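So the structure is just underneath, and the comments pick up after that.
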Amino acid sequence: MRDAQPKTIFLSEYRAPDYGISHTELHFELFDAHSLVHARLHFRRSDTASDDATLVLNGQELELQALALDGEALDAQDYELSDDVLRINGLPASGVLETTARIYPQSNTSLEGLYRSRGLFCTQCEAEGFRKITWFPDRPDVMSTYRVTIDADARHCPELLSNGNLMETVELPNARHRAVWDDPFPKPSYLFALMAGNLSRVEDSFTTMSGRKVRLIILVEEIDLDKCDHAMDSLKRSMRWDEERFGREYDLDVFHIVAVDDFNMGAMENKSLNIFNTSCVLAAPDTTTDAGYQRIESIVAHEYFHNWSGNRVTCRDWFQLSLKEGFTVFRDAEFSADMGSRSLKRVEDAMVMRTQQFAEDAGPMSHPVRPASFIEISNFYTLTVYEKGAEVVRMLQTLLGENDFRRGSDLYFDRHDGQAVTCDDFVAAMEEASGRDLTDFKRWYSQAGTPELTIRDSWDAEQGVYRLSVSQQTPPTPGQPEKEPLVVPLAMGLLGEAGNLRVSLEGEMPDGETADNTHRILMVDQPHQEFRFTGLPERPTPSLLRGFSAPVRVDYPYTAEQLLALVSRDDDEFVRWDAMQQLMVSALQTLQAEPRRSSLDPLLEEAVNAICSQTLDPAVQADMLRLPSETYLAGLASHHGKADVHGIFRAREALRAALAHAFRQRWEQLFDAHRVTGFYAARGDQIGARALANVALDYLASGNEEGVSRAAQYYYAADNLTNRLAALRTVLREGDAAVGDALLDDFYARFKHEALAMNHWLSVQAENTSGDAIARVRALMEHPAYDSRNPNKIRALIGAFANANAVNFHKEDGAGYRLLGEVVEVLNEQNPQIASRLLTPLTRWNNYAQGSELMRAELQRLSELPSLSPDVYEVLSKSLA
Ligand code: B3K
Ligand code: ZN
């Protein structure tokens, strides 16, 4: 590990590399105790570099065994070797540099570089892991073709894979064998991948739009062979969709997905050799929830889409990460919308943005979609770069229209194929294709923070004129005290008594009877603006930010009557859902202020009735009826002041009880009407029905013994994980501890051999608010189902506790903070990426009415540890600043 005080890297200091590597030959000799990596780098000095330029190669945790230039060993004075760089001086303009590195994959616990997962050799190079494999200019603007030779034991590693096409296989002495792979597409080192081990294959094929047949291969452990169908189907659907929607065709004859158990994130888009966390590829009804099935579909698509948005066209430097991630998230979101329900996908993405990304924007790690500086790039694989980045791309599509947007995307891919480029290049292609000037719009890339639109209105009954005044303001963020106005597409409509009204802006020519004259996009691009709507028969209720058209907060003083009107009658499902959220939030705020109040606002009751009696997508209905999450409520409260997590919890329980009581019959009806009969399928109709039935069951069991025993029966009758977990959660919250324990024991006995099901078993217990949660989590840390080195287990237990059990994480004595701190302390040494990710809830210390001193103290204690990884150092230093 490197020492503390690592240095900050700035976008403004970017310099093109002095040397390119046109071709890279790697030869791996994999052994049990160590591995050897022989590299031959075909280098060439760039035309702009001076003759005496140094070749700078990154390398970490490598032991140098040999170093030669054009076949001649180098003398000690020709190079400088330090902990993380190898510099070679006095090089000719081109040549071949050879190195041999000795590395130790079996003791690599960071899961970055070449490491072992359950015996399997695998790699993770993005962002800067390749330097733990061999010396290389480990930066994305150095693109090279690769030829990779892998030698390993034939019995333990029957499969030997790398990027590209298989050129040959060879039997070697001593029961070893070899495979040689060649990837003809130049790629940055972060897309390099290798896998060697004993896995079983599922194989299928796909014929591309130009008629080329591609072999599709998923490699998993033998016991998981029956869990690959969903990922394979998702892959084929993604390949077809990308051809149809974006005109993108796959470019090699084979595409692999490998599933590994120990993986720091969801999956990785290495060229033709995607490596996946088992949790994001394996699907079966007993081990995967409905949400899990949907997640697998979208992650398989996301990684596949990177073949163009990321691999064929890549990032110049890591500040441009959102160039590939924001665009690819946008692409996968559109794919999911097309595969399922568009408005549901929008509601769910808006929920993530408002709950998590807004919190990131408001916290100490706040950064723009294109950060201007960082210490450790691994800390910037964030909701801002990914999800907000995708929202920025979505706004571009909204501004340009689908046709120009598609033209811009075609131009971008054609113009930059094989290049490493910037977000500016992406926007320039959009400008050129549409003829629009996007200079002001580009502030979304450089300005951090969540803009807030303050909207007020007035009505002139005589003239039939309705005015909306819109002001925008973005709160200061670290390093950016002053903010400029952004270009915000505000989609809206006007709701009247009998439905949506025709929207016409003053001064505009009426555009006749167009298909949709009840929907508008207002361009908000000034600090203050006014929009006047004419020809209205009545004072309307504004329907604002339809479809979550921009990643902003909206402050408009809706009355409860107006919210009820939107919930019941608006055309836009996002607006209806959002209006219901606002009604619930205000009920919760009332309950927090007056805990003894037991009556429900009649308008909220009417809203529930309206939702239940309409023919809406059951999945959207479920989202509308569910209580806003504690995390969302805490985020809202801290936006206006400080969050009282215990008060939020109590108010939420009280509202649940009140709704449960007021609508008992409705919950019964909903539960009965939406119970799925017949075999489980992860299909939209069934998923929606289950979601609604399970929301109903949860209310049904609230404070109701009979309901709790129904939930327990439902658990035992379940033929899938979604229902089983829903019932288990309900029973754990509402039932006697003994009943809950019996279900947990049953779950364990049935699924203890299914690692993915066990993750959920750990999470439900970590999230359980009753009893001594901290003691329970500590006991589970010693349980055989837990593994302190496996990121999935750490997230399932510790992550779930810290993020989804607020009342226990925020225990008054600070024991929850200490628990998290202790785990981070160990992981700081073992796996810094997971350590710094896990710290997130502590970094929000400033949001809370109670506990912030203790949270800060825990961060302070960690910051005094003798050796901090750059990952953890960056988060701590920014949180304590
Ligand atoms: N590009 C990878 C993420 C890599 C994370 C490195 N710390 C997966 C993805 O976004 O598709
Ligand atoms: Zn990605």
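Model, not experiment: these values are computed from the prediction. Each ligand, and each atom within it, is numbered from 1 in the order the structure gives.
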Using 2.8 Å as a strict upper limit, say whether an N, O or S atom of Glu303 approaches the Zn ion (ligand 2) that closely.
no

Which protein residues have a heavy atom under 4.0 Å from ligand 1?
Glu126, Met265, Ala267, Met268, Glu269, His302, Glu303, His306, Lys324, Glu325, Tyr381, Tyr386, Gln833

Indicate the ring-plane relationship of Trp318 and Tyr381, choosing parallel, tilted or perpendicular according to the 30° and 60° boundaries.
tilted

Classify the ring geometry between His302 and His306 as parallel (under 30°), tilted (30 to 60°) or perpendicular (over 60°).
perpendicular

Any Glu269 side-chain heavy atom under 4.5 Å of Glu126 side chain:
yes

For Arg844, enumerate each residue passing the side chain to side chain donor-acceptor pair (under 3.5 Å) test, keeping only those at least two apart in sequence or located in another chain.
none

How wide is the angle at the Zn ion (ligand 2) between NE2 of His302 and NE2 of His306, to the nearest 10°?
100°

Shortest-distance N/O/S atom, Glu325 versus the Zn ion (ligand 2):
OE1

Report the relative orientation of the aromatic rings in Trp241 and Phe246; use parallel for angles under 30°, tilted for 30 to 60°, perpendicular for over 60°.
tilted

Take the angle between the ring planes of Phe28 and Phe192 and call it parallel below 30°, perpendicular above 60°, tilted in between.
parallel

One thing to verify: whether Glu334 and Lys345 come together as a salt bridge, which I'm taking to mean a side-chain N less than 4.0 angstrom from a carboxylate O.
no

